[in-house]
Amino acid sequence: MLKKQLILLTTLLLLLIHGTAAAANWQWVYSDEDVGLFFDTNSIKFQRIAKGGVDKNIIYVWARYVYGYTYAQKHPHNGQIVKMVVLYEKMDIGTDTVTDLERVFYNNNGDFIDALKKGTVYHVVPGSYGDMLYSAIKEYARIHSEEITDRSLR
């Protein structure tokens, strides 16, 4: 009986550890009355390890935009008020472009509204919210390149 309880306890602890190890670590980038910008530091991976350093890499990352009330009212999606958009992006540091691979929309209650798989390539527009997010992710990747490289090779 004690052996079964020990096995059950060990299994539960392992599940708990695994669940928290995969949790997002949202890094704040910027916020104003319209939007808050964040990216998940745990999700950053390099597509390849470029010999030219981080500035030649392609980075995959989850990011999110959290909208203020007035901004959200003015920018609905399919007729619904969007409070947050979570994006999975491919950033090509060598060409300053971002490819939206997935966009997931949520309302004020945190309920799912819609998801789009896009694949659209955008140039990073200087001074935009996207530029602030892109620059922060690129800088984070530079500082933590060894850790990201280790995670990317798995």
Side-chain angles (χ1 to χ4, degrees), residues 12 15-50 52-154:
L12 288 173
L15 285 172
L16 251 174
I17 291 169
H18 177 69
T20 55
N25 184 27
W26 292 106
Q27 173 74 43
W28 174 83
V29 173
Y30 173 84
S31 58
D32 62 20
E33 64 278 353
D34 290 331
V35 68
L37 308 173
F38 304 85
F39 68 95
D40 176 17
T41 61
N42 291 339
S43 71
I44 298 175
K45 290 191 170 79
F46 294 134
Q47 177 181 5
R48 62 181 187 278
I49 310 306
V54 172
D55 289 335
K56 302 297 180 199
N57 272 318
I58 291 177
I59 297 172
Y60 290 90
V61 62
W62 282 100
R64 73 178 175 185
Y65 289 69
V66 179
Y67 299 124
Y69 180 76
T70 303
Y71 186 89
Q73 293 279 24
K74 293 178 182 177
H75 299 90
H77 175 74
N78 290 341
Q80 296 189 50
I81 303 299
V82 174
K83 177 63 177 174
M84 180 173 59
V85 178
V86 180
L87 307 105
Y88 188 57
E89 298 184 318
K90 174 184 172 185
M91 298 173 43
D92 188 331
I93 305 302
T95 62
D96 286 334
T97 58
V98 175
T99 305
D100 276 356
L101 301 175
E102 189 170 351
R103 283 182 180 232
V104 184
F105 298 86
Y106 297 93
N107 67 16
N108 277 340
N109 298 325
D111 297 328
F112 171 84
I113 295 174
D114 193 14
L116 304 172
K117 295 198 184 270
K118 294 184 86 173
T120 306
V121 178
Y122 301 94
H123 290 279
V124 177
V125 178
S128 66
Y129 290 132
D131 181 32
M132 286 186 252
L133 190 57
Y134 174 85
S135 297
I137 293 167
K138 186 165 74 170
E139 183 62 22
Y140 184 91
R142 258 194 207 114
I143 293 168
H144 300 278
S145 63
E146 189 174 314
E147 168 194 336
I148 296 167
T149 298
D150 289 345
R151 180 173 41 227
S152 299
L153 294 174
R154 291 183 190 162

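Everything numeric in this text was worked out from a predicted model, so none of it was measured.
- A 4.5 Å side-chain heavy-atom check between Tyr65 and Leu133 finds at least one atom pair inside the cut-off.
- In this structure the side chain of Asp40 never reaches within 4.5 angstrom of the side chain of Val61, judged on heavy atoms.
- Rounded to the nearest 0.5 Å, atoms OH (Tyr88) and NZ (Lys117) are 10.5 Å apart.
- For the residue pair Ile148 and Ala141, the shortest heavy atom distance occurs at CD1-CA, 3.6 Å.
- Annotation for Tyr30: atom OH counts as buried by contact number, over 12 foreign heavy atoms lying within 6.0 Å.
- Across Pro76 and Gly79, no two heavy atoms sit closer than the pair CB-C, 4.2 Å.
- Put simply, OG on Ser43 and CD on Gln27 are 11.5 Å apart, with the number rounded to the nearest 0.5 Å.
- Checked against the 6.0 Å centroid threshold, Tyr140 and Phe39 count as a close aromatic pair.
- Side-chain contact between Thr99 and Asp92 is absent, with no heavy atoms from C-beta onward closer than 4.5 Å.
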The test is side-chain hydrogen bond (donor to acceptor under 3.5 Å, both in side chains); show your working for Asp114 and His77 and say whether it passes. CA-CA 8 Å; Asp114 193 14; His77 175 74; 2.8 Å; yes
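- Here the straight-line distance linking atom NZ of Lys90 with atom NZ of Lys45 works out to 16.0 Å at 0.5 Å rounding.
- A distance-only check finds a donor-acceptor pair linking the side chain of Asn42 to the backbone of Ala23 [under 3.5 Å].
- Counting heavy atoms from C-beta outward, Thr41 and Trp26 have side chains that stay 4.5 Å or more apart.
- Of the possible donor and acceptor atoms, none in the side chain of Ser135 sits under 3.5 Å from a partner among the backbone N and O of Met132.
- Distance check, rounded to the nearest 0.5 Å: CE of Met84 to CD1 of Ile113 gives 10.0 Å.
- Using bins of under 30°, 30° to 60° and over 60° for the plane-to-plane angle, the ring pair His75/Tyr71 lands in the parallel bin.
- Across all their heavy atoms, Gly110 and Tyr106 have their closest contact at O-CD2, 3.4 Å.
- Between the side chain of Ser31 and the main chain of Gly36, no donor-acceptor pair closer than 3.5 Å is present.
- Here the shortest heavy-atom pairing between Pro126 and Asp131 reads CA-OD2, 3.6 Å.
- How far CD of Glu102 is from CG of Leu87: 9.5 Å, rounded to the nearest 0.5 Å.
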Dump the intermediate steps for side-chain contact (heavy atoms from CB on, under 4.5 Å) on Glu33 and Thr70, then the final yes or no. CA-CA 8 Å; Glu33 64 278 353; Thr70 303; over 6 Å; no
Could you give me the CA-CA distance, side-chain angles and deciding distance for Val121 and Val98, then say whether side-chain contact (heavy atoms from CB on, under 4.5 Å) is met? CA-CA 6 Å; Val121 178; Val98 175; over 6 Å; no
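- From Met91, atom CE reaches atom CD1 of Ile137 across 4.5 Å, with rounding to the nearest 0.5 Å.
- With contacts defined as side-chain heavy-atom distances shorter than 4.5 Å, the pair Phe46/Ile58 does not qualify.
- One N or O on the side chain of Lys83 and one on the backbone of Tyr67 form a donor-acceptor pair closer than 3.5 Å.
- Between the side chain of Asn109 and the backbone N or O of Asp111 there is no donor-acceptor pair closer than 3.5 Å.
- At least one side-chain heavy atom of Phe105 sits less than 4.5 Å from a side-chain heavy atom of Leu116.
- With hydrogens and angles disregarded, no donor-acceptor distance shorter than 3.5 Å links the side chain of Thr97 to the backbone of Tyr122.
- Taking each heavy atom of Ala72 and Val82 in turn, the nearest pair found is CB-O, 3.2 Å.
- When only modelled atom types and interatomic distance are considered, Asp32 and Tyr129 share a side-chain donor-acceptor pair under 3.5 Å.
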Could you walk me through whether Asn108 and Tyr69 pass side-chain hydrogen bond (donor to acceptor under 3.5 Å, both in side chains), step by step? CA-CA 9 Å; Asn108 277 340; Tyr69 180 76; over 6 Å; no
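- Within the 3.5 Å criterion, the main-chain N or O of Ile44 finds a donor-acceptor partner in the side chain of Arg151.
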Go through Asp100 and Thr120 one step at a time and tell me if the side-chain hydrogen bond (donor to acceptor under 3.5 Å, both in side chains) criterion holds. CA-CA 6 Å; Asp100 276 356; Thr120 306; over 6 Å; no
